[in-house]
Amino acid sequence: MTRTEHVALKGTRDGLVLYLDPVADFGLLMNELDKLLKDSVQFLQGANVRCYAGTKEYAEDEHVMLVTVLRQHHLEFSGWLTTEEVYVPGKVQAYTEDKETRLREEGMVEGSCLFVERTLRSGKSVQFEGHVVVLGDVNPGAEIIATGNIVVLGSLRGVAHAGATGERRASVSAYHLAPTQLRIADLVTRAPDEEASGRGPEIARIKDDQLIVEMSGMNSRRGKDR
Amino acid sequence: MGEIIVVTSGKGGVGKTTTSANIGTGLAAAGHKVVLVDTDIGLRNLDVVMGLENRIVYDLVDVTSGNCRLKQALIKDKRFENLFLLPAAQTKDKSAVSPEQMRTLATELKEEFDYAIIDCPAGIEQGFRNAIAGADRAIVVCTPEVSAVRDADRIIGLLEAAELRNPKLIINRIRPEMVKRGDMMDISDILDILAIELIGVVPEDESIVISTNRGEPAVMDQASKAGEAYRRITRRIKGEEVTLMNLDVPLGIFDKLKKLVGIR
(Lines give C-alpha, C1' and ligand atoms only; values in the text may rest on other atoms or scores of the structure.)
Protein backbone atom coordinates (compact mmCIF):
# COMPACT_ATOMS: atom_id res chain seq x y z
CA MET A 1 0.00 0.00 0.00
CA THR A 2 1.26 3.41 -0.89
CA ARG A 3 -0.06 6.54 0.70
CA THR A 4 0.45 10.24 1.33
CA GLU A 5 -1.29 12.31 3.94
CA HIS A 6 -4.70 12.44 2.28
CA VAL A 7 -4.53 9.82 -0.45
CA ALA A 8 -3.94 6.09 -0.33
CA LEU A 9 -3.74 3.42 -2.99
CA LYS A 10 -4.34 -0.13 -1.92
CA GLY A 11 -4.40 -3.41 -3.76
CA THR A 12 -7.27 -5.74 -2.83
CA ARG A 13 -8.42 -9.10 -4.07
CA ASP A 14 -10.86 -7.28 -6.36
CA GLY A 15 -8.37 -4.78 -7.80
CA LEU A 16 -6.95 -1.41 -6.87
CA VAL A 17 -8.80 0.93 -4.54
CA LEU A 18 -7.99 4.60 -4.21
CA TYR A 19 -8.92 6.19 -0.89
CA LEU A 20 -9.45 9.95 -0.94
CA ASP A 21 -9.76 11.95 2.27
CA PRO A 22 -13.31 13.32 2.12
CA VAL A 23 -12.50 16.44 4.12
CA ALA A 24 -9.30 17.43 2.29
CA ASP A 25 -9.21 20.22 -0.29
CA PHE A 26 -9.68 18.78 -3.78
CA GLY A 27 -6.70 20.62 -5.32
CA LEU A 28 -4.47 19.25 -2.58
CA LEU A 29 -5.82 15.74 -3.19
CA MET A 30 -4.95 15.95 -6.87
CA ASN A 31 -1.42 17.19 -6.13
CA GLU A 32 -0.82 14.35 -3.71
CA LEU A 33 -2.34 11.81 -6.09
CA ASP A 34 -0.08 13.02 -8.89
CA LYS A 35 2.98 12.67 -6.67
CA LEU A 36 1.89 9.25 -5.39
CA LEU A 37 1.33 7.84 -8.85
CA LYS A 38 4.60 9.23 -10.20
CA ASP A 39 6.44 7.09 -7.65
CA SER A 40 4.60 3.88 -8.28
CA VAL A 41 3.45 4.13 -11.88
CA GLN A 42 5.56 1.32 -13.31
CA PHE A 43 3.82 -1.36 -11.33
CA LEU A 44 0.34 -0.24 -12.05
CA GLN A 45 0.15 0.60 -15.74
CA GLY A 46 -3.16 -0.19 -17.35
CA ALA A 47 -4.93 -1.22 -14.15
CA ASN A 48 -8.48 -0.39 -13.25
CA VAL A 49 -8.97 1.75 -10.15
CA ARG A 50 -12.03 2.13 -8.03
CA CYS A 51 -12.28 5.14 -5.77
CA TYR A 52 -13.64 5.71 -2.30
CA ALA A 53 -14.20 8.98 -0.49
CA GLY A 54 -16.73 8.06 2.17
CA THR A 55 -20.09 9.71 1.58
CA LYS A 56 -18.56 12.77 -0.10
CA GLU A 57 -19.79 13.52 -3.61
CA TYR A 58 -17.54 15.44 -5.96
CA ALA A 59 -18.69 17.97 -8.53
CA GLU A 60 -18.72 17.08 -12.23
CA ASP A 61 -15.55 19.00 -13.07
CA GLU A 62 -13.73 17.56 -10.05
CA HIS A 63 -14.68 14.09 -11.20
CA VAL A 64 -13.36 14.78 -14.71
CA MET A 65 -10.16 16.11 -13.17
CA LEU A 66 -9.70 12.91 -11.14
CA VAL A 67 -10.22 10.70 -14.19
CA THR A 68 -7.73 12.83 -16.14
CA VAL A 69 -5.05 12.56 -13.47
CA LEU A 70 -5.48 8.81 -13.38
CA ARG A 71 -5.27 8.59 -17.19
CA GLN A 72 -2.05 10.58 -17.21
CA HIS A 73 -0.58 7.74 -15.23
CA HIS A 74 -2.15 5.06 -17.40
CA LEU A 75 -4.82 4.07 -14.90
CA GLU A 76 -8.47 3.53 -15.75
CA PHE A 77 -11.19 4.89 -13.47
CA SER A 78 -13.83 2.21 -13.02
CA GLY A 79 -16.32 3.58 -10.51
CA TRP A 80 -16.98 4.65 -6.93
CA LEU A 81 -17.23 2.35 -3.95
CA THR A 82 -19.76 2.64 -1.15
CA THR A 83 -18.91 2.37 2.54
CA GLU A 84 -20.27 -1.18 2.71
CA GLU A 85 -17.92 -2.34 0.00
CA VAL A 86 -14.64 -1.16 1.45
CA TYR A 87 -12.76 -1.92 4.59
CA VAL A 88 -12.74 1.03 6.96
CA PRO A 89 -10.22 0.77 9.80
CA GLY A 90 -11.89 0.39 13.21
CA LYS A 91 -15.02 -1.03 11.69
CA VAL A 92 -15.58 -4.73 11.11
CA GLN A 93 -15.99 -5.41 7.47
CA ALA A 94 -19.46 -6.53 6.54
CA TYR A 95 -19.22 -9.88 4.82
CA THR A 96 -21.15 -9.92 1.66
CA GLU A 97 -24.11 -12.26 1.81
CA ASP A 98 -23.07 -14.48 -1.08
CA LYS A 99 -19.62 -15.12 0.38
CA GLU A 100 -21.13 -16.39 3.63
CA THR A 101 -23.62 -18.63 1.84
CA ARG A 102 -20.89 -19.94 -0.41
CA LEU A 103 -18.78 -20.90 2.61
CA ARG A 104 -21.80 -22.45 4.35
CA GLU A 105 -22.38 -24.65 1.35
CA GLU A 106 -18.84 -25.88 1.63
CA GLY A 107 -19.39 -26.61 5.33
CA MET A 108 -17.32 -23.67 6.53
CA VAL A 109 -17.99 -20.74 8.81
CA GLU A 110 -15.59 -17.92 9.49
CA GLY A 111 -15.43 -15.28 12.18
CA SER A 112 -13.41 -14.18 15.14
CA CYS A 113 -12.60 -16.86 17.68
CA LEU A 114 -11.59 -17.04 21.32
CA PHE A 115 -9.25 -19.81 22.44
CA VAL A 116 -9.53 -20.70 26.10
CA GLU A 117 -6.41 -22.72 26.91
CA ARG A 118 -7.49 -23.92 30.34
CA THR A 119 -10.29 -25.60 32.25
CA LEU A 120 -13.23 -23.37 33.18
CA ARG A 121 -14.17 -24.07 36.78
CA SER A 122 -17.38 -23.31 38.65
CA GLY A 123 -18.15 -19.59 38.82
CA LYS A 124 -16.21 -18.71 35.67
CA SER A 125 -18.09 -17.03 32.83
CA VAL A 126 -16.79 -16.52 29.31
CA GLN A 127 -18.67 -14.25 26.94
CA PHE A 128 -17.49 -13.59 23.42
CA GLU A 129 -18.70 -12.16 20.14
CA GLY A 130 -17.70 -14.98 17.84
CA HIS A 131 -16.72 -18.62 18.32
CA VAL A 132 -15.26 -20.09 21.49
CA VAL A 133 -12.87 -23.05 21.64
CA VAL A 134 -11.97 -24.48 25.04
CA LEU A 135 -8.85 -26.62 25.36
CA GLY A 136 -9.90 -28.20 28.63
CA ASP A 137 -13.10 -28.94 30.52
CA VAL A 138 -16.09 -26.76 31.31
CA ASN A 139 -17.14 -27.76 34.81
CA PRO A 140 -20.62 -27.51 36.35
CA GLY A 141 -21.26 -23.95 37.48
CA ALA A 142 -19.20 -22.42 34.65
CA GLU A 143 -20.79 -20.85 31.57
CA ILE A 144 -19.86 -19.93 28.03
CA ILE A 145 -21.91 -17.50 25.99
CA ALA A 146 -20.90 -17.01 22.36
CA THR A 147 -22.58 -15.42 19.38
CA GLY A 148 -21.05 -18.15 17.23
CA ASN A 149 -20.19 -21.82 17.79
CA ILE A 150 -18.75 -23.46 20.89
CA VAL A 151 -16.23 -26.30 20.79
CA VAL A 152 -14.94 -27.99 23.93
CA LEU A 153 -11.97 -30.34 23.63
CA GLY A 154 -12.82 -32.02 26.90
CA SER A 155 -15.92 -32.48 29.02
CA LEU A 156 -18.68 -29.90 28.79
CA ARG A 157 -20.60 -30.14 32.07
CA GLY A 158 -21.52 -26.49 32.61
CA VAL A 159 -23.84 -24.19 30.70
CA ALA A 160 -23.22 -23.37 27.04
CA HIS A 161 -25.11 -20.84 24.92
CA ALA A 162 -24.15 -20.74 21.25
CA GLY A 163 -25.60 -18.29 18.74
CA ALA A 164 -26.54 -16.08 21.67
CA THR A 165 -27.72 -13.22 19.48
CA GLY A 166 -30.19 -15.43 17.65
CA GLU A 167 -27.99 -17.35 15.18
CA ARG A 168 -29.93 -20.59 14.83
CA ARG A 169 -27.25 -22.25 12.70
CA ALA A 170 -24.78 -22.19 15.61
CA SER A 171 -23.63 -25.44 17.20
CA VAL A 172 -22.14 -26.74 20.42
CA SER A 173 -19.76 -29.67 20.29
CA ALA A 174 -17.66 -31.41 22.89
CA TYR A 175 -15.56 -34.50 23.34
CA HIS A 176 -17.87 -35.38 26.19
CA LEU A 177 -21.14 -33.46 25.90
CA ALA A 178 -22.98 -33.51 29.23
CA PRO A 179 -23.98 -29.90 29.87
CA THR A 180 -26.11 -28.77 32.81
CA GLN A 181 -28.03 -26.78 30.26
CA LEU A 182 -27.58 -26.25 26.55
CA ARG A 183 -28.84 -23.22 24.67
CA ILE A 184 -28.65 -22.44 20.99
CA ALA A 185 -30.14 -19.13 19.86
CA ASP A 186 -33.58 -19.07 21.52
CA LEU A 187 -33.86 -22.78 22.30
CA VAL A 188 -33.02 -24.28 25.69
CA THR A 189 -32.61 -27.90 26.72
CA ARG A 190 -31.20 -29.62 29.73
CA ALA A 191 -29.30 -32.88 29.95
CA PRO A 192 -31.38 -36.01 30.35
CA ASP A 193 -31.56 -37.05 34.00
CA GLU A 194 -29.79 -40.30 33.32
CA GLU A 195 -26.38 -39.82 31.89
CA ALA A 196 -25.12 -42.28 29.34
CA SER A 197 -21.36 -42.51 29.60
CA GLY A 198 -18.62 -43.02 27.08
CA ARG A 199 -20.47 -41.86 24.00
CA GLY A 200 -17.58 -40.02 22.41
CA PRO A 201 -17.64 -36.65 20.67
CA GLU A 202 -21.04 -35.17 20.01
CA ILE A 203 -22.47 -32.06 18.41
CA ALA A 204 -25.70 -30.22 19.23
CA ARG A 205 -27.52 -28.05 16.71
CA ILE A 206 -30.99 -26.98 15.72
CA LYS A 207 -32.87 -29.10 13.21
CA ASP A 208 -36.52 -28.40 12.37
CA ASP A 209 -36.96 -26.11 15.38
CA GLN A 210 -35.60 -28.77 17.69
CA LEU A 211 -32.33 -28.92 19.50
CA ILE A 212 -30.79 -32.28 18.72
CA VAL A 213 -27.58 -33.99 19.71
CA GLU A 214 -25.78 -36.38 17.39
CA MET A 215 -22.48 -38.14 17.08
CA SER A 216 -19.84 -35.86 15.69
CA GLY A 217 -18.03 -37.41 12.74
CA MET A 218 -18.67 -39.24 9.50
CA ASN A 219 -22.32 -40.06 10.00
CA SER A 220 -23.51 -36.56 10.85
CA ARG A 221 -23.61 -33.60 8.53
CA ARG A 222 -21.42 -34.84 5.74
CA GLY A 223 -23.15 -38.16 5.49
CA LYS A 224 -26.54 -36.56 5.07
CA ASP A 225 -25.68 -33.75 2.70
CA ARG A 226 -23.77 -35.75 0.18
CA MET B 1 12.09 -20.46 56.58
CA GLY B 2 8.71 -22.05 57.23
CA GLU B 3 5.79 -22.79 55.03
CA ILE B 4 2.22 -21.47 55.24
CA ILE B 5 -0.46 -24.01 54.29
CA VAL B 6 -4.09 -22.96 54.04
CA VAL B 7 -6.85 -25.57 54.49
CA THR B 8 -9.95 -24.53 52.61
CA SER B 9 -13.10 -25.96 50.98
CA GLY B 10 -15.74 -23.40 50.07
CA LYS B 11 -18.55 -25.46 51.55
CA GLY B 12 -19.00 -25.60 55.30
CA GLY B 13 -19.01 -28.73 57.40
CA VAL B 14 -16.72 -30.83 55.21
CA GLY B 15 -13.98 -31.04 57.84
CA LYS B 16 -11.59 -28.10 57.40
CA THR B 17 -11.12 -27.57 61.11
CA THR B 18 -10.75 -31.29 61.88
CA THR B 19 -8.26 -31.59 59.03
CA SER B 20 -6.28 -28.54 60.21
CA ALA B 21 -6.12 -29.86 63.76
CA ASN B 22 -5.03 -33.33 62.67
CA ILE B 23 -2.44 -32.21 60.12
CA GLY B 24 -1.02 -29.70 62.60
CA THR B 25 -0.84 -32.25 65.40
CA GLY B 26 0.59 -34.86 63.04
CA LEU B 27 3.37 -32.52 61.90
CA ALA B 28 4.12 -31.58 65.50
CA ALA B 29 4.26 -35.26 66.49
CA ALA B 30 6.88 -35.69 63.74
CA GLY B 31 9.01 -33.10 65.50
CA HIS B 32 8.27 -29.96 63.48
CA LYS B 33 7.53 -26.61 65.04
CA VAL B 34 3.94 -25.90 64.04
CA VAL B 35 1.36 -23.16 64.56
CA LEU B 36 -2.35 -23.54 63.85
CA VAL B 37 -4.07 -20.30 62.85
CA ASP B 38 -7.85 -20.02 63.07
CA THR B 39 -9.09 -17.36 60.64
CA ASP B 40 -12.78 -18.06 61.18
CA ILE B 41 -13.31 -14.83 63.09
CA GLY B 42 -16.66 -14.78 64.86
CA LEU B 43 -17.16 -18.55 64.55
CA ARG B 44 -13.98 -19.96 66.00
CA ASN B 45 -13.79 -23.73 66.50
CA LEU B 46 -10.19 -24.80 66.21
CA ASP B 47 -9.53 -23.98 69.87
CA VAL B 48 -12.39 -26.27 70.89
CA VAL B 49 -11.24 -29.12 68.68
CA MET B 50 -7.75 -28.76 70.14
CA GLY B 51 -9.15 -28.58 73.67
CA LEU B 52 -7.52 -25.21 74.33
CA GLU B 53 -10.56 -22.96 74.60
CA ASN B 54 -10.03 -22.07 78.25
CA ARG B 55 -6.50 -20.80 77.68
CA ILE B 56 -7.32 -18.01 75.25
CA VAL B 57 -6.32 -14.52 76.37
CA TYR B 58 -5.37 -12.73 73.16
CA ASP B 59 -6.42 -13.60 69.62
CA LEU B 60 -5.66 -13.07 65.92
CA VAL B 61 -7.31 -9.65 65.79
CA ASP B 62 -5.32 -8.49 68.83
CA VAL B 63 -2.13 -9.45 66.99
CA THR B 64 -2.99 -7.89 63.61
CA SER B 65 -4.25 -4.67 65.18
CA GLY B 66 -1.21 -4.39 67.44
CA ASN B 67 -2.95 -4.89 70.81
CA CYS B 68 -0.41 -7.53 71.75
CA ARG B 69 2.70 -9.21 70.47
CA LEU B 70 2.45 -12.44 68.47
CA LYS B 71 4.17 -14.39 71.28
CA GLN B 72 1.52 -13.31 73.79
CA ALA B 73 -1.36 -14.61 71.68
CA LEU B 74 0.16 -18.01 70.88
CA ILE B 75 -1.22 -20.83 73.02
CA LYS B 76 1.00 -23.82 73.68
CA ASP B 77 -0.63 -27.19 73.07
CA LYS B 78 -1.38 -29.62 75.92
CA ARG B 79 0.47 -32.54 74.36
CA PHE B 80 3.27 -31.08 72.27
CA GLU B 81 5.84 -28.48 73.27
CA ASN B 82 6.34 -27.55 69.62
CA LEU B 83 2.66 -27.02 68.68
CA PHE B 84 0.92 -23.67 69.05
CA LEU B 85 -2.49 -22.19 68.32
CA LEU B 86 -3.31 -18.66 67.27
CA PRO B 87 -7.06 -18.48 67.96
CA ALA B 88 -9.59 -16.34 66.09
CA ALA B 89 -11.53 -13.56 67.80
CA GLN B 90 -15.06 -14.53 68.69
CA THR B 91 -16.56 -11.09 69.28
CA LYS B 92 -15.51 -9.47 65.98
CA ASP B 93 -16.22 -10.31 62.34
CA LYS B 94 -14.17 -11.06 59.21
CA SER B 95 -13.67 -7.39 58.34
CA ALA B 96 -11.56 -6.96 61.49
CA VAL B 97 -8.56 -8.28 59.53
CA SER B 98 -7.30 -7.37 56.05
CA PRO B 99 -5.35 -9.53 53.56
CA GLU B 100 -2.45 -7.05 53.98
CA GLN B 101 -2.29 -7.71 57.71
CA MET B 102 -2.43 -11.46 57.09
CA ARG B 103 0.53 -11.24 54.73
CA THR B 104 2.52 -9.39 57.38
CA LEU B 105 1.56 -12.00 59.97
CA ALA B 106 2.53 -14.80 57.58
CA THR B 107 6.05 -13.38 57.19
CA GLU B 108 6.38 -13.23 60.97
CA LEU B 109 5.12 -16.82 61.40
CA LYS B 110 7.48 -18.15 58.75
CA GLU B 111 10.50 -16.95 60.69
CA GLU B 112 9.35 -18.66 63.85
CA PHE B 113 7.79 -21.94 62.65
CA ASP B 114 8.39 -24.83 60.24
CA TYR B 115 4.72 -24.99 59.32
CA ALA B 116 1.76 -22.67 59.80
CA ILE B 117 -1.60 -24.34 59.13
CA ILE B 118 -4.32 -21.81 58.36
CA ASP B 119 -7.88 -22.94 59.00
CA CYS B 120 -10.00 -21.08 56.46
CA PRO B 121 -13.67 -20.19 57.06
CA ALA B 122 -16.39 -21.45 54.69
CA GLY B 123 -17.39 -19.14 51.86
CA ILE B 124 -15.46 -17.10 49.30
CA GLU B 125 -15.72 -13.65 50.86
CA GLN B 126 -13.40 -11.60 53.02
CA GLY B 127 -12.65 -14.47 55.44
CA PHE B 128 -11.46 -16.63 52.55
CA ARG B 129 -9.42 -13.81 51.05
CA ASN B 130 -7.77 -13.19 54.42
CA ALA B 131 -6.97 -16.85 54.94
CA ILE B 132 -5.27 -17.35 51.57
CA ALA B 133 -3.46 -14.00 51.52
CA GLY B 134 -0.19 -15.17 53.04
CA ALA B 135 -0.33 -18.85 52.04
CA ASP B 136 2.36 -20.70 50.07
CA ARG B 137 0.36 -23.88 49.56
CA ALA B 138 -3.31 -24.82 49.67
CA ILE B 139 -5.14 -27.98 50.66
CA VAL B 140 -8.73 -28.32 49.48
CA VAL B 141 -11.02 -30.52 51.57
CA CYS B 142 -14.00 -32.08 49.85
CA THR B 143 -16.60 -34.68 50.79
CA PRO B 144 -18.05 -37.11 48.23
CA GLU B 145 -21.15 -34.98 47.64
CA VAL B 146 -22.05 -33.12 44.46
CA SER B 147 -22.49 -29.84 46.33
CA ALA B 148 -19.10 -30.09 48.06
CA VAL B 149 -17.37 -30.95 44.77
CA ARG B 150 -19.03 -27.98 43.08
CA ASP B 151 -17.80 -25.61 45.78
CA ALA B 152 -14.34 -27.15 45.80
CA ASP B 153 -14.17 -26.54 42.03
CA ARG B 154 -15.01 -22.88 42.54
CA ILE B 155 -12.41 -22.60 45.30
CA ILE B 156 -9.71 -24.17 43.11
CA GLY B 157 -10.51 -21.59 40.43
CA LEU B 158 -10.22 -18.76 42.96
CA LEU B 159 -6.96 -20.17 44.36
CA GLU B 160 -5.49 -20.31 40.87
CA ALA B 161 -6.61 -16.74 40.26
CA ALA B 162 -4.79 -15.79 43.48
CA GLU B 163 -1.59 -17.43 42.16
CA LEU B 164 -1.84 -20.38 44.56
CA ARG B 165 -1.02 -23.02 41.97
CA ASN B 166 -1.37 -26.79 42.36
CA PRO B 167 -3.62 -27.06 45.38
CA LYS B 168 -3.81 -30.57 46.86
CA LEU B 169 -7.04 -32.45 47.50
CA ILE B 170 -8.24 -34.35 50.56
CA ILE B 171 -11.41 -36.39 50.14
CA ASN B 172 -13.00 -36.56 53.54
CA ARG B 173 -15.74 -38.71 55.10
CA ILE B 174 -15.84 -41.29 52.35
CA ARG B 175 -17.84 -44.44 53.11
CA PRO B 176 -16.31 -47.33 51.16
CA GLU B 177 -19.34 -49.58 51.56
CA MET B 178 -21.61 -46.89 50.07
CA VAL B 179 -19.20 -46.31 47.20
CA LYS B 180 -19.18 -50.04 46.58
CA ARG B 181 -22.96 -50.09 46.37
CA GLY B 182 -22.80 -47.20 43.92
CA ASP B 183 -24.63 -44.87 46.31
CA MET B 184 -21.74 -42.45 46.79
CA MET B 185 -19.40 -40.64 44.40
CA ASP B 186 -16.13 -42.52 44.19
CA ILE B 187 -12.65 -41.05 44.12
CA SER B 188 -12.32 -41.13 40.35
CA ASP B 189 -15.66 -39.30 39.89
CA ILE B 190 -14.36 -36.47 42.03
CA LEU B 191 -10.90 -36.38 40.45
CA ASP B 192 -12.55 -36.33 37.03
CA ILE B 193 -14.09 -32.96 37.77
CA LEU B 194 -11.53 -31.34 40.05
CA ALA B 195 -8.43 -32.59 38.20
CA ILE B 196 -5.95 -31.79 40.96
CA GLU B 197 -3.49 -33.95 42.87
CA LEU B 198 -4.99 -36.15 45.58
CA ILE B 199 -3.07 -36.05 48.85
CA GLY B 200 -5.32 -38.24 50.95
CA VAL B 201 -8.62 -40.01 51.47
CA VAL B 202 -10.13 -40.02 54.94
CA PRO B 203 -12.87 -42.54 55.71
CA GLU B 204 -15.96 -41.62 57.71
CA ASP B 205 -15.12 -42.58 61.27
CA GLU B 206 -17.02 -42.34 64.56
CA SER B 207 -13.78 -41.81 66.40
CA ILE B 208 -13.58 -38.32 64.82
CA VAL B 209 -16.76 -37.26 66.60
CA ILE B 210 -15.43 -38.60 69.89
CA SER B 211 -11.99 -37.04 69.52
CA THR B 212 -13.45 -33.69 68.43
CA ASN B 213 -15.67 -33.53 71.49
CA ARG B 214 -12.78 -34.49 73.75
CA GLY B 215 -10.45 -31.97 72.17
CA GLU B 216 -7.90 -34.62 71.20
CA PRO B 217 -7.09 -34.91 67.49
CA ALA B 218 -7.69 -38.40 66.05
CA VAL B 219 -4.24 -38.46 64.45
CA MET B 220 -2.87 -39.50 67.87
CA ASP B 221 -5.31 -42.42 68.14
CA GLN B 222 -3.49 -45.47 66.73
CA ALA B 223 -6.74 -47.45 66.52
CA SER B 224 -8.62 -44.87 64.45
CA LYS B 225 -8.91 -45.38 60.69
CA ALA B 226 -9.30 -41.66 60.10
CA GLY B 227 -6.31 -41.11 62.33
CA GLU B 228 -4.26 -43.45 60.14
CA ALA B 229 -5.40 -41.53 57.05
CA TYR B 230 -4.27 -38.24 58.62
CA ARG B 231 -0.92 -39.75 59.58
CA ARG B 232 -0.39 -40.66 55.94
CA ILE B 233 -1.45 -37.20 54.78
CA THR B 234 1.02 -35.64 57.21
CA ARG B 235 3.84 -37.68 55.76
CA ARG B 236 2.82 -36.70 52.22
CA ILE B 237 2.88 -33.02 53.17
CA LYS B 238 6.47 -33.52 54.28
CA GLY B 239 7.20 -34.83 50.79
CA GLU B 240 7.28 -38.59 51.45
CA GLU B 241 5.74 -41.01 48.99
CA VAL B 242 3.02 -42.91 50.83
CA THR B 243 0.48 -45.26 49.31
CA LEU B 244 -3.22 -44.55 49.72
CA MET B 245 -4.92 -46.39 52.55
CA ASN B 246 -6.68 -49.60 51.71
CA LEU B 247 -10.32 -48.73 52.23
CA ASP B 248 -11.79 -52.05 51.18
CA VAL B 249 -14.49 -53.19 53.53
CA PRO B 250 -13.65 -56.61 54.91
CA LEU B 251 -16.29 -59.18 54.10
CA GLY B 252 -18.52 -60.04 57.02
CA ILE B 253 -19.13 -63.63 58.01
CA PHE B 254 -22.54 -63.49 56.39
CA ASP B 255 -21.05 -62.22 53.08
CA LYS B 256 -18.46 -64.99 53.19
CA LEU B 257 -21.18 -67.58 53.67
CA LYS B 258 -23.17 -66.14 50.76
CA LYS B 259 -20.08 -66.17 48.58
CA LEU B 260 -19.45 -69.79 49.54
CA VAL B 261 -22.97 -70.80 48.67
CA GLY B 262 -22.81 -68.74 45.52
CA ILE B 263 -25.57 -66.18 46.06
CA ARG B 264 -24.69 -62.69 44.96
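A note on names: the letters A, B, ... follow the listed sequences, proteins ahead of strands, and every chain is numbered from 1.
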[atom1] of [X]: more than 12 outside heavy atoms within 6.0 angstrom?
X: B/Glu240; atom1: CD; answer: yes
X: A/Phe26; atom1: CZ; answer: yes
X: A/Gln127; atom1: CD; answer: yes
X: B/Arg173; atom1: CZ; answer: no

At a 4.5 Å cut-off on heavy atoms, which part of B/Asp192 comes close to chain A: side chain, backbone, both, or neither?
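Both parts, backbone and side chain.
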Counting N and O atoms only, with roles assigned by atom type, does the side chain of B/Arg150 sit under 3.5 Å from a partner on the main chain of A/Asn139, one being a donor and the other an acceptor?
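Not at all, since once roles are kept as given, no pair shorter than 3.5 Å links the two residues.
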Rounded to the nearest 0.5 Å, what's the gap from CG on B/Leu194 to OG1 on A/Thr119? Could you check?
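Separation between the atoms: 11.0 Å.
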Which residue is it: A/Arg157, A/Arg121, A/Lys124? I am looking for the one with a side-chain hydrogen bond (donor to acceptor under 3.5 Å, both in side chains) to B/Asp153.
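Exactly one pass, corresponding to A/Arg121.
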